[in-house]
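What follows is one structure encoded as C-alpha cells, with my remarks underneath.
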Amino acid sequence: MPGSELRAPQEAMSPPRRVLVTGATGLLGRAVCREFEGGGWAVIGTGFRRAKPRLLRCDITDEDAVRALLQEYRPDVVVHCAAERRPDVMEHHSEAAVHLNVHATSTLAKEAAAGGALLLYISSDYVFDGRNPPYGEDDSPSPLNLYGRSKLEGERETLRHCPGGLVLRVPVLYGQVQSVGESAVTSLWETLQTGEDRGLDHLMKRHPTHTEDVAAVCRKICERAREDPSVRGVFHFSAKEQMTKYEMAVCIAEAFNLPTGHLIPLTEQPPPQQFALRPMNSQLSCCRLEQLNLSVEPRPFRAAVQTCLWPFTPDKLWRQTVFH
C-alpha cells in the first residue's frame, strides 16, 4: 500500500527513545541500563564518585546540575535508582543521606515533570513495619527506621511533582556484582569462606530478588505507562522465595558444596542501639503488576545466586589471573 511505503522510511528515521538512569554505577542501575539497551532504548547513565567511561558524572543533589542534565538530554523516561540504601549508615549520616534520598528525588521529579519525562522511582519494602504482611500497594506505610522514612518521602515527592509518575517498591536485591560486598546477599560469600563461627539472623523474613528481574519490570512498566496514562502510582515487585539471612547462607553454601557447620542461627533481635530497626517480614504483594501482565517470573534463588558468585570461586579467580 502507498501509505505503508511512506511510513517505513519515516519510522526508520525516528530517534530511539531515551532513558536517563541515575545511579547507573550501582547494582540495580547497571542492570536497568543493560535491560533498556537490550530493548532498543538510548541509555544515558549517570554516576558521581564511581562514574566511568560511557557514563555522565552528575551530582544529583545539585539542583542546577540536574536541571542542566535533563534540559540537555531531554529523556523520555527517568529511572531513579540512586540512593543511600544502607539503613545503619543512614542512622549515623542522616543529613547527607536524606539529602540524597529525598531532596534529590524532589528535584528530579520537578525537572522530569517540566520536561515531560516519565519518572520511575525505585523504593523499598522498608516503608512497612513488617507486622502484618503481605503488604499491598494501598496498605498504609509505617517505616521503622530513617532509611524507610526517607524512601517513603521520596515516593511522596515523586507523586506530588509528577502525578503520572511511577513508584516501584522492591525488597533486598542481589545480582551481577563487581564485588561480593555490593549486596547484603552476596556478601554472605565472605562469611562462608572464613570457616569461623558466625551468627546469622534467623528471625527476619526476606525475599531476595534478582536485579535483572527488577530491571525487566522497570522497562515493561515504563513502556506501558507511556502508552497508557492510567498506568501510574505505586507498584510492588518481589521474588516469591522467603528466607532468613541464615537460610540464604545455607542455600549458597549448598550450591557450592561448602560446609555450614560454622553458621549459627540467631533467633533474637540485636539491641536497637547497635543497628537500625528492621521489619520482621515486609513481604510485598505484587497484585497490580500481575493484573496488568507487567510482572516477570522471578528466577530461582539457588541457581541465580550461584551464577552471581561463580566468578568469585577460587578456580574462577585463578583462571582469570592466568588467562587474562
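Remember, predicted model here, so these are calculated numbers, not experimental data.
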Keeping [X] on the side-chain end and [Y] on the backbone end, is there a donor-acceptor pair under 3.5 Å?
X    : Y    : value
R206 : T244 : no
K220 : S295 : yes
E84  : R86  : yes
T46  : L56  : no
D213 : R299 : yes
N101 : K151 : no
R224 : L292 : yes
T307 : A303 : yes
S187 : A184 : yes
E241 : P300 : no

Is atom CG of D138 surrounded by more than 12 heavy atoms (other residues, nucleotides or ligands) closer than 6.0 Å? no
Restricting to non-hydrogen atoms, name the atom on [X] and the atom on [Y] that form the minimum distance, rounded to 0.1 Å.
X    : Y    : answer
Q176 : T211 : N-OG1, 4.3 Å
S183 : L27  : CB-CD2, 3.9 Å
H210 : A304 : CD2-CB, 3.8 Å
L284 : F128 : CD2-CE1, 3.8 Å
G164 : L118 : O-CD1, 3.4 Å
A253 : T260 : CB-CG2, 3.4 Å

Consider only side-chain heavy atoms of I, L, V, M, F, W and Y, link residues closer than 4.5 Å, and tell whether [X] and [Y] are in one cluster.
X    : Y    : answer
F237 : L152 : no
L294 : V19  : yes
I264 : L188 : no
V231 : V234 : no
Y121 : I44  : no

For residues [X] and [Y], determine if any side-chain heavy atom of one lies less than 4.5 Å from a side-chain heavy atom of the other.
X    : Y    : answer
R17  : V77  : no
L200 : V250 : no
Y135 : D129 : yes
H202 : L266 : no
V78  : Y73  : no
L263 : L192 : yes
W41  : E223 : yes
E95  : H99  : no

If you apply the rule side chain to side chain contact (heavy atoms under 4.5 Å, CB included), what do you find for Q283 with H207, and how did you get there? CA-CA 7 Å; Q283 180 184 2; H207 295 77; 3.5 Å; yes
At what distance, to the nearest 0.5 angstrom, does [atom1] of [X] lie from [atom2] of [Y]?
X    : Y    : atom1 : atom2 : answer
T186 : I252 : OG1   : CD1   : 7.5 Å
R149 : S142 : CZ    : OG    : 10.0 Å
R74  : R18  : CZ    : CZ    : 9.0 Å
R232 : T158 : CZ    : OG1   : 14.5 Å
L120 : C162 : CG    : SG    : 11.0 Å
T107 : H161 : OG1   : NE2   : 8.0 Å

Test side chain to side chain contact (heavy atoms under 4.5 Å, CB included) applied to L289 and E137, step by step: CA-CA 10 Å; L289 280 178; E137 292 86 353; 5.8 Å; no
If the threshold is 4.0 Å, N to carboxylate O, is there a salt bridge linking [X] and [Y]?
X    : Y    : result
E196 : R198 : no
E155 : R169 : yes
K240 : E297 : yes
E153 : R156 : yes
R278 : D88  : yes
E35  : R219 : yes
K110 : E63  : no

Checking S238 against D125 for the side chain to side chain contact (heavy atoms under 4.5 Å, CB included) test, could you report, in this order, the C-alpha distance in whole Å, the side-chain angles of both residues, the deciding distance, and whether it holds? CA-CA 9 Å; S238 171; D125 59 341; over 6 Å; no
Partner of H80 under side-chain contact (heavy atoms from CB on, under 4.5 Å), chosen from L166, L20, T22: T22
Just do the side chain to side chain contact (heavy atoms under 4.5 Å, CB included) check on D76 and C222 with the steps written out, would you? CA-CA 10 Å; D76 301 292; C222 287; over 6 Å; no
Are T105 and E157 close enough that a side-chain donor and a side-chain acceptor fall under 3.5 Å? no
Specify whether Y147 and Y126 have parallel, tilted or perpendicular ring planes, treating 30° as the upper limit for parallel and 60° as the lower limit for perpendicular. perpendicular
